[in-house]
Structures are given as C-alpha cells and as structure tokens.
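Worksheet: one structure, shown below.
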2 protein chains.
Amino acid sequence: MSDMQDSERLARIFKALMHPARLDILEILRDDEHCVCHMEAHLGYRQAYISQQLTVLREAGLVDDRRDGWNIFYRVSEPRVFNLIDQARAMLGISGDTARAATQPAACPCPKCAARKNAHEKQSLVTDV
Amino acid sequence: MSDMQDSERLARIFKALMHPARLDILEILRDDEHCVCHMEAHLGYRQAYISQQLTVLREAGLVDDRRDGWNIFYRVSEPRVFNLIDQARAMLGISGDTARAATQPAACPCPKCAARKNAHEKQSLVTDV
DNA sequence: TAGACTTATTCGGTTTATTGAATATAATTA
DNA sequence: TAATTATATTCAATAAACCGAATAAGTCTA
C-alpha cells in the first residue's frame with residue numbers, strides 16, 4: 001500500500017472525489033457530522049445509494065463513522081479535503097456560497113434535526129409568552 | 001455545459017486528475033511546456049498512450065497545445081491545478097521533492113533538450129579551452 | 001424474542017474508462 | 001511529390017465504475 005507510486009496514491013484521492021454524489025455528501029459533512037438519513041433527506045438520493053458512496057469515501061480514508069444507537073454518524077476524517085474542493089471551486093469561479101445549495105427538506109427526520117427543531121419550538125414558545 | 005450542477009463540474013476536474021499517467025504528465029509540465037516526445041522519453045509510456053491521456057487533459061481544459069514545426073508543445077493552461085495536486089500531496093505527507101522522481105533518460109531526443117545539450121557542450125568546450 | 005428502525009451489503013445489468021495495436025494526419029525535408 | 005518525423009485517432013478487448021433492486025445486519029423497544 002505504501003510502496004505505491006506517488007502518482008498512484010494521489011490518483012486515489014482524486015478518484016474518490018470524481019463523483020458528484022460524493023462531493024455532495026462531503027459538502028453536507030463540511031460543518032458537522034451527520035447520519036445517513038440526514039443526507040438522504042437533504043440530498044434526495046436513496047439510502048442504499050448514499051451508503052454505497054459513503055463506502056467509497058470511507059475506503060479512501062476521507063470519512064469516519066461512529067454509531068450512536070440506531071444512527072451512524074459520518075464525519076470527515078481528513079478536513080484538508082475541503083482545501084482541495086475549495087481550490088477546484090476557485091478554478092471554476094464558483095463561490096463557496098453556492099455550495100450550500102443542497103435541498104433543504106421541509107422536515108428532516110434525523111435525530112439531530114429533530115432535536116434542533118424541538119429546541120426552536122421551545123424557544124418560540126418562550127418568546128411567545 | 002454551464003447549466004451543469006456545481007458538483008458535477010467539480011467532479012469533472014477530479015476525474016481528469018484521477019489517473020496516475022495524467023498526474024505524471026502534469027508533473028512534467030509543471031516547470032515548462034514540453035513536446036510529446038519529451039514526455040515519452042521521460043515517462044517511458046508509448047507515444048499513442050501519452051497522446052490519449054493528453055486528449056483527456058485537453059478536453060478537461062487543463063492543458064493547451066501549440067504546434068512548432070514537427071512538434072506540438074503542451075503547457076498547463078490552468079496553473080491552479082498544481083495547487084490541487086500539492087494539496088493532495090500534503091494530505092499524503094508526500095514532499096514536493098519526490099515529485100521529480102520521473103525517469104531521467106540518458107538522452108532525450110526532443111528539440112528543446114537537444115538545444116540545451118548543445119549549449120552545454122559548447123559551454124564545456126569553451127571552458128575546456 | 002418479535003418487531004421496528006437505520007444502515008450495509010450483495011447481485012447483476014449497463015455504462016464508462018483503460019490501453020494495446022494499427023492506422024491516420026499534419027508538417028517538414030529532399 | 002515521396003519519404004520522414006511527430007502526433008492524433010480509431011478500434012476492440014478488458015476492466016472498472018455506476019446504480020437499481022433485493023436483502024442482510026445491527027440496534028433499540030415493547
């Protein structure tokens with residue numbers, strides 16, 4: 001594995017990034033770790049499909065996962081990958097803002113989003129009074 | 001073409017870089033433009049093979065070419081691609097020096113190398129006298 | 001333990017990339 | 001114009017990636 005040519009090891013990184021769905025997934029993971037069903041809701045891909053792409057990212061060493069009850073939370077294990085992506089974005093003249101154009105579902109069923117929603121509702125309940 | 005998803009346009013860049021031979025070629029073009037036979041001599045790939053990979057790089061908008069007599073000289077049209085490569089290299093902990101590990105042939109038949117060799121011989125002729 | 005829920009894996013058909021071999025094209029020189 | 005040189009393209013076989021469908025594997029709750 002480490003006796004591989006440099007160019008081949010480099011190529012492996014780029015190969016992991018050469019797929020739109022995987023880039024979308026990484027973009028979702030830019031700010032925080034997230035469970036698969038969160039990505040499912042926000043990206044609109046099927047669960048199995050996302051899981052397949054996550055496997056590629058995991059095998060490339062770009063993401064790690066952690067189980068918490070029912071959910072498995074993925075996070076970027078190599079944050080420098082975002083330097084790569086941002087650099088490529090700059091080459092295309094794409095501003096970083098347009099990156100957040102992922103579908104924002106009316107309601108994400110994932111526990112993290114549910115918790116946040118509950119917090120907000122409690123918040124507005126307080127402010128309403 | 002420009003109505004493509006951002007992630008798809010990004011993916012295209014990475015797709016062009018996902019191949020070891022193409023990375024080797026870009027590495028040769030890092031310092032200067034070079035003809036195909038120069039790459040052939042320095043990388044050890046067949047001419048047609050290099051030409052095929054150059055076509056991929058050209059279609060990805062990463063290199064441009066210019067004819068000069070018999071030779072066609074290729075150059076990197078988007079130098080920021082080296083930021084990408086260097087960034088990926090950093091992720092792997094590969095120093096930039098090892099990048100220059102391309103085969104150094106005893107004699108490169110390309111006109112640019114021939115010119116340089118002649119200059120050197122003239123030089124040593126002078127110093128010999 | 002049964003059932004519900006989330007995520008992973010396997011299988012198979014389709015598409016795309018790779019790459020060697022042969023050949024074509026374009027510029028140059030004699 | 002014919003021969004030469006450098007490069008590009010085409011073809012075909014193999015390999016790899018893609019991705020939908022079905023199903024398996026963990027984990028939690030009742």
Side-chain angles (χ1 to χ4, degrees), chain A residues 5 7-8 11-25 28-29 33-60 63-75 108-115, chain B residues 5 7-8 11-25 28-29 33-60 63-75 105 107-115:
Chain A
Q5 292 294 327
S7 54
E8 196 171 337
R12 293 210 171 199
I13 292 181
F14 292 123
K15 192 178 294 197
L17 299 177
M18 90 176 177
H19 197 291
R22 292 198 286 272
L23 291 172
D24 288 339
I25 288 173
I28 284 217
L29 296 179
E33 66 175 10
H34 285 291
C35 64
V36 176
C37 66
H38 179 89
M39 307 182 206
E40 193 180 350
H42 284 256
L43 293 177
Y45 298 122
R46 291 170 307 110
Q47 176 272 319
Y49 183 71
I50 291 177
S51 194
Q52 284 170 339
Q53 303 300 346
L54 282 169
T55 297
V56 176
L57 291 173
R58 190 174 349 100
E59 286 176 350
V63 301
D64 270 334
D65 55 294
R66 151 183 97 80
R67 180 179 278 276
D68 181 8
W70 275 334
N71 302 281
I72 296 185
F73 287 89
Y74 279 86
R75 66 184 170 284
C108 176
C110 91
K112 183 172 288 195
C113 284
Chain B
Q5 293 292 329
S7 54
E8 195 172 337
R12 293 212 169 197
I13 292 181
F14 292 123
K15 192 178 293 195
L17 299 176
M18 94 179 173
H19 196 290
R22 293 197 285 272
L23 291 173
D24 289 339
I25 289 173
I28 284 217
L29 297 179
E33 67 175 10
H34 285 291
C35 64
V36 176
C37 66
H38 179 89
M39 308 181 205
E40 193 180 351
H42 284 256
L43 294 177
Y45 298 121
R46 291 171 306 110
Q47 175 274 319
Y49 184 72
I50 291 177
S51 194
Q52 285 168 338
Q53 303 300 346
L54 282 170
T55 297
V56 176
L57 290 173
R58 190 174 350 100
E59 287 175 350
V63 301
D64 270 335
D65 55 295
R66 151 184 97 80
R67 180 178 278 275
D68 182 9
W70 276 334
N71 302 281
I72 295 185
F73 287 88
Y74 279 87
R75 67 184 169 283
C108 175
C110 93
K112 183 172 288 195
C113 284

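Heavy-atom basis, side chains included; hydrogens, waters and symmetry copies ignored. Chain A is the first sequence line, chain B the second, and so forth, proteins listed ahead of strands; every chain is numbered from 1. Just so it is clear, the structure is predicted and the values come from calculations on it, not from any experiment.
In this structure, B:Ile50 atom CD1 and C:dT18 atom P are separated by 16 Å, rounded to whole Å. Here the P atom of nucleotide D:dA6 and the CG atom of B:Leu54 are 16 Å apart, to the nearest Å. Atom CD1 of A:Ile72 is separated from atom P of D:dA24 by 18 Å (rounded to the nearest Å). As rounded to whole Å, 13 Å separates atom P of C:dT7 from atom NE2 of A:His34. Straight-line distance from the CG atom of B:Asp65 to the C1' atom of D:dA6: 13 Å, rounded to whole Å. Note: CD (B:Gln53) to P (C:dA17) measures 12 Å, nearest angstrom. As rounded to whole Å, 12 Å separates atom P of C:dT7 from atom CD of A:Glu33. Between B:Glu40 atom CD and C:dG20 atom C1' the separation is 14 Å, expressed in whole Å.
Nearest to the side-chain atoms of A:Arg46 among the listed nucleotides D:dC18, D:dA21, D:dA8 stands D:dA21. Nearest nucleotide to the A:Gln52 side chain, out of D:dG20, C:dT7, D:dA8: D:dG20. Distances were taken from every side-chain heavy atom of A:Trp70 (C-beta onward) to each of C:dC5, D:dT7, D:dC18; the shortest belongs to C:dC5. The side chain of B:Ser51 lies closest to D:dA8, out of D:dC19, D:dA8, C:dA26. Among the nucleotides D:dC18, C:dT18, C:dA22, the one closest to any side-chain atom of A:Arg22 is D:dC18.
Counting any heavy atom pair closer than 4.0 Å across all strands shown, A:Met39 reaches no nucleic acid atom.
For the OP1/OP2 pair of D:dA6 and a distance below 4.0 Å, the side-chain nitrogens and oxygens of B:His38 include no atom meeting the criterion. Taking 4.0 angstrom as the limit, A:Lys15 places none of its side-chain polar atoms (N or O) nearer than this to OP1 or OP2 of D:dA16. Residue A:Thr55 places at least one side-chain N or O closer than 4.0 Å to OP1 or OP2 of C:dT9. A close approach under 4.0 Å does not occur between any side-chain nitrogen or oxygen of B:Tyr74 and OP1 or OP2 of D:dA6. Contact check, A:Asn71 against C:dT7: a side-chain N or O comes under 4.0 Å of OP1 or OP2. The phosphate of C:dA26 has neither OP1 nor OP2 within less than 4.0 Å of any side-chain N or O from B:Arg67.
With sequence neighbours excluded, no residue forms a salt bridge (Lys or Arg N to Asp or Glu O under 4.0 Å) with A:Arg67.
Nearest-nucleotide positions on DNA chain D place B:Phe73 closer to the 5' end than the other of B:Phe73 and A:Ala21. When each of B:Val36 and A:Asp68 is assigned the nucleotide of DNA chain D bearing its nearest heavy atom, the one mapping closer to the 5' terminus is B:Val36. Across the interface with DNA chain C, nearest-nucleotide mapping of A:Pro109 and A:Tyr49 shows A:Pro109 to be the residue nearer the 5′ end.
Side-chain atoms of A:Lys15 and A:His19, non-hydrogen and from C-beta on, never get closer than 4.5 Å to each other. Looking at A:Cys35 and A:Lys112, their side chains never come closer than 4.5 Å, going by heavy atoms from C-beta outward. Within the 4.5 Å cutoff, no side-chain heavy atoms of A:Gln53 are placed close to those of A:Tyr45.
Residue side chain B:Gln47 does not reach the base of D:dA6 through any donor-acceptor N/O pair under 3.5 Å, judged by distance alone.
Between the side chain of B:Arg22 and the backbone N or O of B:Leu57, no donor-acceptor pair lies under 3.5 Å.
B:Tyr74 pairs in a side-chain hydrogen bond (donor to acceptor under 3.5 Å, both in side chains) with only one of the listed residues (B:Arg58, B:Glu33, B:His34), which is B:Arg58.
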